[in-house]
Each structure stands twice: as structure tokens, then as C-alpha cells.
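Everything below concerns the one structure shown next.
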Amino acid sequence: MATKMRYWLMKSEPEEFSIDTLARVGREPWSGVRNYQARNYMMKDMGVGDGVLFYHSNTAIPGIAGLAEVASAAYPDPTQFLKKSDYYDPASRPDEPRWWLVDVAFKRKLSRLIALDELRANADRLDDFLLLRRGSRLSVLPVTAAQWRTILSLEQA
DNA sequence: GCCAACGTTGGC
DNA sequence: GCCAACGTTGGC
């Protein structure tokens, strides 16, 4: 019996890794997450085929730029063991990795960016969307099926 | 276990 | 570049 499909939002700084980069490479290990809550979503709750809203953060107009999907089971983030990596974690041991990730595969770029401002303007239709919570900094967060549908309907507006 | 200091995120 | 919000670290 298939596990129920879930939906997520994953943030990336487009200067580091944008939806266009994902379109070009097709698939990418989501490395560098160093927050336990975000890690737990990837490690414990994600399943292959889950929907992903690809969000551009820390840029002139932050917002949802495209759609992707979870493309692998969780596995240890190799960058935590690479001394030269920005994501190196000297406290993590190979026999007990601290940081896990999933691969993410490109689905499509949205026909237009759905900006954070526009999401805020529709907050009443998005029922406590975690992205819009004050002070929210999570880089991986769950999206409900209803929120997913509402956001995609905004694309046509 | 408390909490001040520090580092990071990310909108603006 | 600023800084509010938040997470982590480490002394005690």
C-alpha cells in the first residue's frame, strides 16, 4: 500500500542554487541543511514522489519559483564529512551521521514567480502557512494539500 | 538546567 | 548593510 503523498517547501538562495540550476542538472542532493527540525522532515517524513515548492530566499523578490519532487530516500549528507566544505561538521561521525538529506528532482518552473508578498496577501486562504509565521526561518517545512492547491491556483491568477 | 553570548537566517 | 528572530553553545 502506497504511503500518502505529502507536500513540502524547500528554500534555496538563488545565487547559490536556483530553480534554473535544478532545471539544468535535473536532480540534486539537498545538502547543507544544518537545522534539526528541517533535517527531521527529510530524514523521517519525506517519501519519494512528495511534492516540493522550490522557494527562492534571500534575494530581491523572494518567492516560490518552481516545483520539484522528492527523488530519493534520506541518506547522510556527504558534505558534513568534507573538511573543505562550508558544511563540514567536525562533530559528526561517519558511523553516526548527524545530517541527512534527500535528492530533489526538477518538475517545472512556475509560469511566474509567486512572491512572498503575494503569499502574505493571500494568508487568509493559506490557513496558518508555516512560511508566513513571524520569525519563521525553517528551510524545509511541510505544506498541506490545501495550501499546495491554493498556491498553484495563484499561479493562474 | 539556566541563560548570556554568539552565530545564522532572511526580509527589508 | 541592518537587524529582529531564533537556534546553539558553553560557563556555571
Side-chain angles (χ1 to χ4, degrees), chain A residues 6-25 28-46 50-70 74-144 147-148 150-155 157:
Chain A
R6 300 193 203 196
Y7 302 91
W8 308 93
L9 180 143
M10 300 173 83
K11 298 180 183 174
S12 182
E13 302 192 11
E15 287 192 12
E16 296 293 322
F17 192 90
S18 71
I19 189 70
D20 293 317
T21 317
L22 185 62
R24 197 170 65 242
V25 301
E28 181 75 7
W30 204 261
S31 58
V33 170
R34 296 293 181 267
N35 169 282
Y36 286 105
Q37 200 173 348
R39 178 208 68 177
N40 286 345
Y41 287 136
M42 291 197 287
M43 191 171 73
K44 300 175 179 175
D45 299 327
M46 283 189 180
D50 282 3
V52 174
L53 300 170
F54 193 109
Y55 181 89
H56 283 175
S57 67
N58 206 10
T59 187
I61 306 178
I64 297 164
L67 304 183
E69 70 177 13
V70 176
Y75 61 96
D77 181 343
T79 65
Q80 70 196 302
F81 304 121
L82 302 177
K83 285 192 174 150
K84 290 184 182 170
S85 170
D86 288 342
Y87 303 124
Y88 177 60
D89 182 351
S92 183
R93 298 155 44 94
D95 57 336
E96 197 175 344
R98 178 177 295 186
W99 305 112
W100 293 65
L101 52 67
V102 297
D103 287 354
V104 169
F106 179 75
K107 291 291 281 185
R108 70 178 175 88
K109 194 173 174 177
L110 294 191
S111 56
R112 65 184 187 84
L113 183 83
I114 300 177
L116 178 59
D117 282 349
E118 185 172 355
L119 295 169
R120 284 219 184 90
N122 289 277
D124 58 337
R125 300 170 57 200
L126 287 169
D127 190 33
D128 198 23
F129 191 22
L130 285 173
L131 181 75
L132 302 180
R133 280 219 192 136
R134 183 162 164 268
S136 168
R137 294 188 336 195
L138 263 185
S139 63
V140 176
L141 53 93
V143 175
T144 67
Q147 288 163 349
W148 175 275
T150 300
I151 288 163
L152 289 188
S153 74
L154 293 176
E155 186 189 11

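Note on naming: letters A, B, ... go to the chains in the order of the sequence lines (proteins, then strands), and numbering restarts at 1 for each one. Bear in mind the structure is a predicted one, so any value in this text is a computation, not a measurement.
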Is a donor-acceptor pair below 3.5 Å formed from side chain A/Arg137 to base B/dT8, judging by atom type as modelled? yes
Using 30° and 60° as the class limits, which term best fits the ring planes of A/Phe17 and A/Trp30: parallel, tilted or perpendicular? perpendicular
Between A/Lys11 and B/dT9, does any side-chain N or O lie under 4.0 Å from OP1 or OP2? no
Answer yes if the ring centres of A/Trp99 and A/Tyr36 are under 6.0 angstrom apart, and no otherwise. yes
Hey, is the side chain of A/Arg39 poking within less than 4.0 Å of OP1 or OP2 on C/dG7, counting only N and O atoms? no
Atom CD1 of A/Ile61 to atom C1' of B/dG10: distance rounded to whole Å? 15 Å
Quickly work out the A/Tyr36 OH to C/dT8 P distance and round it to whole Å. 7 Å
Could you check whether atom CD1 of A/Ile61 has more than 12 heavy atoms from other residues, nucleotides or ligands sitting under 6.0 Å from it? no
Separation of A/Asn35 atom CG from C/dA5 atom P, in whole Å? 18 Å
Would you kindly give the OH-to-P distance between A/Tyr87 and B/dT8, to the nearest whole Å? 12 Å
Once you round it to whole Å, what is the distance between P of B/dG10 and OH of A/Tyr55? 8 Å
Describe the nucleic acid contact of A/Arg34 in one word from base, sugar-phosphate, nothing, applying a heavy-atom distance below 4.0 Å. nothing
A/Glu13 CD - B/dT9 P separation (whole Å): 8 Å
Report which part of the nucleic acid A/Arg120 touches: base, sugar-phosphate, or nothing (heavy-atom distance under 4.0 Å, all strands). sugar-phosphate
For atom CG of A/Asn58 and atom C1' of C/dC3, their distance in whole Å: 13 Å
Validation row: A/Arg34, A/Asp77 side chains within 4.5 angstrom (heavy atoms): yes
Which whole-number value in Å describes the distance from A/Leu141 CG to B/dT9 P? 15 Å
